[in-house]
Amino acid sequence: MLNATTNFDALLQNDTENLQSKYKTLVALYARFAPSILIVDRSITPFWYFLGLFGNLLSAYVWMHPRVRRKNSSAVYLAALSVWDLIFLALHPFQEVREAWMGISENSLLDCGLLHIPLLTAQYMSPVLVLCFTVERWIAIWFPFKRDSLCTPKRACIVTVAMICIVFFYNLIQLKFRRYDYELSVCIVNTQAVEWTVYTSISEIIFSGFVPISALVFNLLVAIELYRITVGNKHMMPNGDGGDASAERKFRSTTLMLLCVSFFVIVTSLPAGLLYALQNQNYGNVTLTDSEVEQDSTWQSYFSATLTKKIVDELSISHYSLNFVIYLLTGPQYRMYAHQLLSSIFGGCCRLIRGRVGQPKEQLKQREDYYFNNSRTNRAKRLSERNSTMSGTNATAVGRGSAELDGATTGTGGDTNALSPLIVKSTV
């Protein structure tokens, strides 16, 4: 979607009449012959902006919460994903207004590089981060004994920073092909250079092809292993006590949530890459009149292909906005902290609607303490307390039995005949 609209003058530079004189930009051409393209572009994208800004702010708060990110490396990746999705949705409207409404090319120094590079970085970071936490989840479920050493928040931070640096410096290559002309006040992109074709092709292959497909492969491996463990009643962690069982359920719940997010990003990213590989924009004869354009099969095929591309572009943008819906549906911990934030913001209104006036604060505190007490951090302490309690109980039972035995043999604890069966059995 990022370079979907170009100045129509460049397409008609050899023509001096007809379409060039009437339609200066592609937006003007679409408005006349294919208004559905503009309807899709102008109506759906603002909806993604609204949902995405709200959802990513909420997600960033939840995944950055101290209790959520403690001992949880996945929270680091999801927090970074929320932040970069938020950056993308904050920068994308500048391009959207220019291309979908004004129909002009990049005409300022800000658009030429200072805005374009961060926007591309945010666009590419989403599938890259999804691949990162998918690989980490694969390591955790296929190599459970290495999970504590390899899947740590510190390591997740290092990987995230490394990926940001790699993607950002890769996008700086674009500055080689971009030049701002101060006299004409326009950004000139050398799209005719062979290096530009190679660069854009590699970008699409990596970020719209290789990265989503790799994430898909690791996702399938995780899903297969998780299914095998569940059906075979095998567990990655000892499951003998309540603390371990709770940790195991939390791990599987998080794995399910990450799988859903990863599949969603893959499904919405791959079509854009495939369409880019298959696209063949053939503009019709620019000397035709309006009535001839309406009957020309080449122009009509071009308009149909452009409409398809716009729909796929809108589908691709959706994963920058709708991840929080998956978190709400599959993440109980996310729901709890999201509820806590929204309750603190809306206060009495939310409680009045739910009919629970005066209760949420205490209940949220109890639920938060419950999740904290069932975390891996306190499991060893609870096991130690449980073992000491059981040892004390066993010692008390043994002491009581000894006292009864002594009382029975000395006549102070009851009738000695009560022990005769035991004596006979031991004798035999």
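Here, residue 1 is the first one in the sequence, and each next residue gets the next number. The basis for the numbers below is simple: all heavy atoms, side chains too, and nothing from hydrogens, waters or symmetry mates. Just so you know, these numbers come straight off a predicted model, no measurement behind them.
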From CA spacing to verdict: side-chain contact (heavy atoms from CB on, under 4.5 Å), Val261, Phe133:
CA-CA 10 Å; Val261 173; Phe133 70 65; 4.0 Å; yes
How far does OG of Ser316 sit from NZ of Lys309, to the nearest 0.5 angstrom?
8.5 Å
Looking at every non-hydrogen atom in both residues, tell me the closest pair between Leu81 and Ser126 and how far apart they are.
CD1-OG, 3.6 Å
is_close_aromatic(Trp299, Phe303), centroid dist under 6.0 Å:
yes
Could you give me the CA-CA distance, side-chain angles and deciding distance for Leu131 and Phe218, then say whether side-chain contact (heavy atoms from CB on, under 4.5 Å) is met?
CA-CA 8 Å; Leu131 177 61; Phe218 283 106; 4.3 Å; yes
Are the side chain of Ser149 and the backbone N or O of Lys146 linked by a donor-acceptor pair below 3.5 Å?
yes
Work out which heavy atom in Leu150 is nearest to a heavy atom in Arg155; give both atom names and the distance.
O-CD, 2.7 Å
So do the side chains of Glu96 and Tyr49 get within less than 4.5 Å of each other, counting heavy atoms only?
yes
Can you confirm whether Pro212 sits close enough to Val265 that some side-chain heavy atom of one is under 4.5 Å from a side-chain heavy atom of the other?
no
Under 3.5 Å, is there a donor-acceptor pair between the side chain of Trp48 and the main chain of Glu314?
yes
Give, for atom CD1 of Ile224 and atom CG of Leu226, the distance between the pair rounded to the nearest 0.5 Å.
11.0 Å
Determine yes or no for a side-chain-to-main-chain donor-acceptor pair under 3.5 angstrom, with Thr308 supplying the side chain and Ser304 the backbone.
yes
Closest non-hydrogen atom pair, Ile141 against Val222
CD1-O, 4.0 Å
Looking only at non-hydrogen atoms, find the nearest pair between Pro93 and Leu89 and report the distance.
CD-O, 3.0 Å
Looking at the rings of Tyr199 and Tyr170, which for Trp means the six-membered one, are their centres under 6.0 Å apart?
yes
Given 3.5 Å as the limit, does a donor-acceptor pair link the side chain of Thr45 with the main chain of Arg42, or not?
no
Do Ser82 and Asn56 get their side chains close enough for a donor-acceptor pair, meaning under 3.5 Å?
no
Tell me, do Val159 and Tyr77 make a side-chain contact under 4.5 Å, heavy atoms counted?
yes
Point-to-point distance, once rounded to the nearest 0.5 Å, from CD of Gln333 to CZ of Arg67
10.5 Å
Tell me whether the count of non-hydrogen atoms from other residues, nucleotides or ligands lying under 6.0 Å of OH in Tyr61 goes above 12.
yes
Looking only at heavy atoms, which two atoms of Ala338 and Leu328 are closest? And how far apart?
CB-CD2, 4.3 Å
Test side-chain contact (heavy atoms from CB on, under 4.5 Å) on Leu115 and Gln95; report intermediate values, then the result.
CA-CA 9 Å; Leu115 181 65; Gln95 175 183 285; 5.9 Å; no
Could you go through the side-chain contact (heavy atoms from CB on, under 4.5 Å) check for Leu221 and Glu225 one step at a time?
CA-CA 6 Å; Leu221 292 175; Glu225 182 66 10; over 6 Å; no
Kindly compute the distance separating CG (Leu322) from CG (Asp85), expressed to the nearest 0.5 Å.
10.5 Å
For Ser318, check side-chain hydrogen bond (donor to acceptor under 3.5 Å, both in side chains) against everything at least two apart and list the hits.
none
Heavy-atom side-chain contact between Phe264 and Leu259 under 4.5 Å
no
In this structure, CE of Met163 is separated from CE of Met125 (nearest 0.5 Å) by 8.0 Å
Heavy-atom distance under 4.5 Å between the side chains of Leu58 and Leu341, does that happen here?
yes
Compare all side-chain heavy atoms of Ser59 with those of Asn323 and state whether any distance is below 4.5 angstrom.
no
Pair Trp138 + Phe143: ring centers closer than 6.0 Å
yes
Checking ring-ring contact (aromatic ring centres under 6.0 Å, His included) for the pair Trp63/Tyr337: CA distance, chi angles, key distance, verdict?
CA-CA 9 Å; Trp63 299 126; Tyr337 285 99; 9.2 Å; no
Are Leu258 and Leu78 packed together at the side-chain level, in the sense that at least one heavy-atom pair is separated by less than 4.5 angstrom?
yes
Using a 4.5 Å cut-off on heavy atoms from C-beta on, say whether the side chain of Phe324 contacts that of Val62.
no
Tell me every residue that passes side-chain hydrogen bond (donor to acceptor under 3.5 Å, both in side chains) with Ser262, counting only those two or more places apart in sequence or in another chain.
Thr134, Asn219
Would you find a donor on one side and an acceptor on the other, under 3.5 Å apart, between the side chain of Asp41 and the backbone of Ile37?
no
Atom CZ of Arg335 and atom CG of Leu342: how far apart are they, to the nearest 0.5 Å?
13.5 Å
If you take all heavy atoms of Ala80 and Leu129, which pair is closest and at what distance?
C-CD1, 3.7 Å
Check the angle between the aromatic planes of Phe88 and Tyr320 and answer parallel, tilted or perpendicular using the 30° and 60° thresholds.
parallel
